[in-house]
Amino acid sequence: MRKGAKAAIVGSVFVVMVGGAGYGAFNIVSALNGGDGSGSGGPAPVKTGPPSGGEVKDTSTKFFAAWEKGEAAAAAALTNNAEKAEPLLTSYSGTAHIDRVTITPGAARGATVPFSVKATVSYEGKSKPLAYKSELTVVRGLTTGKALVDWQPAVVHPDLKDMDDTLVTGDASAPPIEAVDRDGKVLTKQAYPSLGPILDELRAKYGDKAGGTPGVELAIHHAAPDTADTPLLTLSEGKAGKLPTTLSARVQAAAEKAVTQYRESSVVAVKPSTGEVLAVANNRTDGWNAAFLGEVAPGSTWKIVSAATLIDNGITSANGPAPCPAEAVWQSQTFHNIKNMPADENATLSESFARSCNTAFVKFADEVKVDSLTDEARDRFGIGLDWKTGIPSFDGSVPASGGPDTAANLIGQGQVQVNPLNLASVTATAMTGTFRQPVIVPQSLDDRELARARGLSASTVQQLRAMMNRTATSGTAAEVMSGLGVRIGAKTGSAEVDGQTKSNSWFTGYRDDVAAAAMVQDGGHGVDASGPLVAQVLRAG
């Protein structure tokens, strides 16, 4: 769907990216209403309403004092989730070996108290000072009415996100790495913030292979399986091994700059001729690599795969019929186009693709089989296979869906789930005809087996490229892609998500030998948010 087009799809599954610290969601702390205090002889009424200034100061002061003394149980008892708080507070003075703790509160902002921490990390004769800032919020206990610290792991350290994460000091889980881009330029977390979690993953997997030796560090040990430790403080340097990557420092810098424009945005760029990942960037507070791990409906950008399905199954062709009525009905559900899109009963597939007509694709639901889109996505584009990029990735899901989802899937809704990495790869395959599984480190590094798919015929590629070029030069993506040259193509999209007031913005495009895709949560139309991000990356490429 593009430009807010919203189909009434009853029973369809609409998903948001999962992972990270509550993607697309937020926590609400509310108080239970107590009695009105009338009568006598009963228990005292439970306090309600926000904590007073005095309660905020008293609770935070007691919590800080217990924390400074290493009294984990006492500090945890002052939170609204002692069961989760105590293990982490225990690890602070235990496995993390942090002592000499001094906490200095700042001026309260209502119920929120900012504070700074100074401490010392000591391990086997090695010591280093530790200093950072965090904050806590005091809330009313739901059942007790007491003023309590609203427990979040970030209270203990701002880089802690998961409730079950702990702190550990000791020999590093893997030797350090010096990751370099395709031209030998060193890639650091400081210069490229989005690469922080990715470099941690690369270190965990390839540190031993890169020839380094581990040092001693304070790190976050994540409870989630297959998640690399996050180092916080190095007590003694190990020897870094050099690790080659496929990234381009120039394109990565452009991607980093692009995503700063929108919160909850992600972008990926790949080299179609090789499958090499040139850039991956995320703008997220939780550090989650949504660009590789997200699972979300891609909206009308998915019409690239849907168009290929129609062509490869002999249903229509780029210059064949694809009427665009004002509405289309499938399985008693009515689908619409964006507001004010004129109907065109004589439209070709190329015309309906370029203007992103939903109803044209929905009308073909009668002619595709339940598994036609699934087979096309897997066998031709490699979606849903086991990709081995070098770091964890979600490789797309297109289940064979009947009912309303048969039509919804054709316009990138229903049960289709992908991320910017998957979509950039789709665009690369459409451009070249060959599926080359994306990689972020060379395959030669560990001889891992890459996923394989049949790819597309020369005829299908010619038709897809012509339709994407039309979209980029005179269709819905023309304004965004203006000035990028001749050898370009694009597709816009927006995906409606339950619980969101605005759709997710999607855009994918290619220029010469670079393909890129972006998603902005709550971004609205594809050309409004994701489109400019992709254009910036393509210019750098």
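In this text, all values refer to a predicted model and were calculated from it rather than measured experimentally. Values below: every heavy atom of this structure, side chains too, minus hydrogens, waters and symmetry copies.
Judged by distance alone, the side chain of R284 and the main-chain N or O of E264 form no donor-acceptor pair under 3.5 Å. Between the side chain of Q152 and the backbone N or O of A154 there is no donor-acceptor pair closer than 3.5 Å. S91 contributes no side-chain N or O that, together with a main-chain N or O of G94, makes up a donor-acceptor pair within less than 3.5 Å. In terms of modelled atom types and a separation under 3.5 Å, the side chain of S265 and the main chain of V259 share a donor-acceptor contact. Listed for the N419 side chain is a donor-acceptor partner under 3.5 Å among the backbone atoms of F394. No donor-acceptor pair closer than 3.5 Å links the side chain of Q415 to the backbone N or O of S401. The closest donor-acceptor contact from the side chain of T61 to the backbone of D58 lies at 3.5 Å or more, if one exists at all. In this structure a side-chain-to-backbone donor-acceptor pair under 3.5 Å is present from W506 to A297. Formation of a donor-acceptor pair under 3.5 Å by the R436 side chain with backbone atoms of P272 is found in this model. In this structure a side-chain-to-backbone donor-acceptor pair under 3.5 Å is missing from D181 to V186.
Atom CD of Q252 is separated from atom OG1 of T245 by 9.0 Å, given to the nearest 0.5 angstrom. To the nearest 0.5 Å, atom OG of residue S52 and atom CZ of residue R140 are 7.0 Å apart. The structure places CG of L130 at 5.5 Å from CD1 of I98, a figure rounded to the nearest 0.5 Å. Separating the CD atom in Q437 from the OG1 atom in T429 is a distance of 11.0 Å, to the nearest 0.5 Å. L421 CG to I440 CD1: the interatomic distance, rounded to the nearest 0.5 Å, is 9.0 Å. Note: T389 OG1 to D395 CG = 7.5 Å, rounded to the nearest 0.5 Å.
Residues L218 and A96 come closest through the heavy atom pair CD1-CB, 3.8 Å. Residue W302 comes nearest to G412 through the heavy atom pair CB-CA, 3.6 Å, listed as atom of the first residue, atom of the second, then distance. K84 and D164 get closest at one heavy-atom pair: NZ-OD1, 2.7 Å. A pairwise comparison of heavy atoms in D99 and S122 identifies OD1-OG, 4.3 Å as the closest pair. When every heavy atom of P392 is checked against every heavy atom of E201, the shortest pair comes out as CD-OE1, 3.8 Å.
Listed by first and then second residue, the ring-ring contact (aromatic ring centres under 6.0 Å, His included) pairs that reach into residues 53-86 are F63-W67, F64-F115, W67-Y92, W67-F115, sequence neighbours excluded.
Side-chain polar atoms of S494 and S505 form no donor-acceptor pair below 3.5 angstrom. Side-chain contact annotation: Q521 with N504, donor-acceptor N/O pair under 3.5 Å absent.
Under the 4.0 Å criterion applied to side-chain N and carboxylate O atoms, K47 and E55 are assigned as salt-bridge partners. Contact check on K185 versus D183 returns no salt bridge, with no Lys/Arg side-chain nitrogen under 4.0 Å from an Asp/Glu carboxylate oxygen. Salt-bridge formation is not detected for the pair E237/K128: no Lys NZ or Arg NE/NH1/NH2 atom is positioned less than 4.0 Å from an Asp or Glu carboxylate oxygen.
Of the options P298, S397, S425, a side chain to side chain contact (heavy atoms under 4.5 Å, CB included) to V418 is made by P298 and by none of the others. When the options T227, D229, T166, D165 are evaluated for a side chain to side chain donor-acceptor pair (under 3.5 Å) with H222, the one that passes is D165.
For A108, the side chain to side chain contact (heavy atoms under 4.5 Å, CB included) test picks out V113, with sequence neighbours left out. Under the ring-ring contact (aromatic ring centres under 6.0 Å, His included) criterion, F435 pairs with W387, sequence neighbours left out. Under the side chain to side chain contact (heavy atoms under 4.5 Å, CB included) criterion, K205 pairs with D446, sequence neighbours left out. Listed by chain and residue number, K388 satisfy the salt bridge (Lys or Arg N to Asp or Glu O under 4.0 Å) test with D386 (two or more places apart in sequence, or in another chain). Checked against side chain to side chain contact (heavy atoms under 4.5 Å, CB included), K242 has the following partners two or more places apart in sequence or in another chain: E178, V180.
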> Run the side chain to side chain donor-acceptor pair (under 3.5 Å) check on N282 and N289 step by step: do they pass?
Replying inline: CA-CA 7 Å; N282 299 281; N289 185 12; 2.9 Å; yes

>> Let's go through V156 and S134 carefully: what are the C-alpha distance in whole Å and the side-chain angles of both, what is the deciding distance for side-chain contact (heavy atoms from CB on, under 4.5 Å) to 0.1 Å, and is it a yes or a no?
In response: CA-CA 7 Å; V156 171; S134 190; over 6 Å; no

> Would T79 and N81 count as a side chain to side chain donor-acceptor pair (under 3.5 Å) if you check the C-alpha gap in whole Å, the side-chain angles of each, and the deciding distance to 0.1 Å?
Replying inline: CA-CA 5 Å; T79 74; N81 194 343; over 6 Å; no

>> Could you walk me through whether V138 and L148 satisfy the side-chain contact (heavy atoms from CB on, under 4.5 Å) test, starting with their C-alpha distance in whole Å, then the side-chain angles of each, then the deciding distance to 0.1 Å, before giving a yes or no?
In response: CA-CA 5 Å; V138 178; L148 299 169; 5.9 Å; no

>> Would V534 and T508 count as a side-chain contact (heavy atoms from CB on, under 4.5 Å) here? Give the steps.
In response: CA-CA 7 Å; V534 169; T508 187; 5.9 Å; no

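More than 12 heavy atoms of other residues, nucleotides or ligands lie within 6.0 Å of NZ in K189, so this atom counts as buried by the packing criterion. In R100, the CZ atom is not crowded: 12 or fewer heavy atoms of neighbouring residues, nucleotides or ligands sit closer than 6.0 Å. Other residues, nucleotides and ligands place no more than 12 heavy atoms under 6.0 Å from the CZ atom of R452.
With contacts defined as side-chain heavy-atom distances shorter than 4.5 Å, the pair V121/S127 does not qualify.
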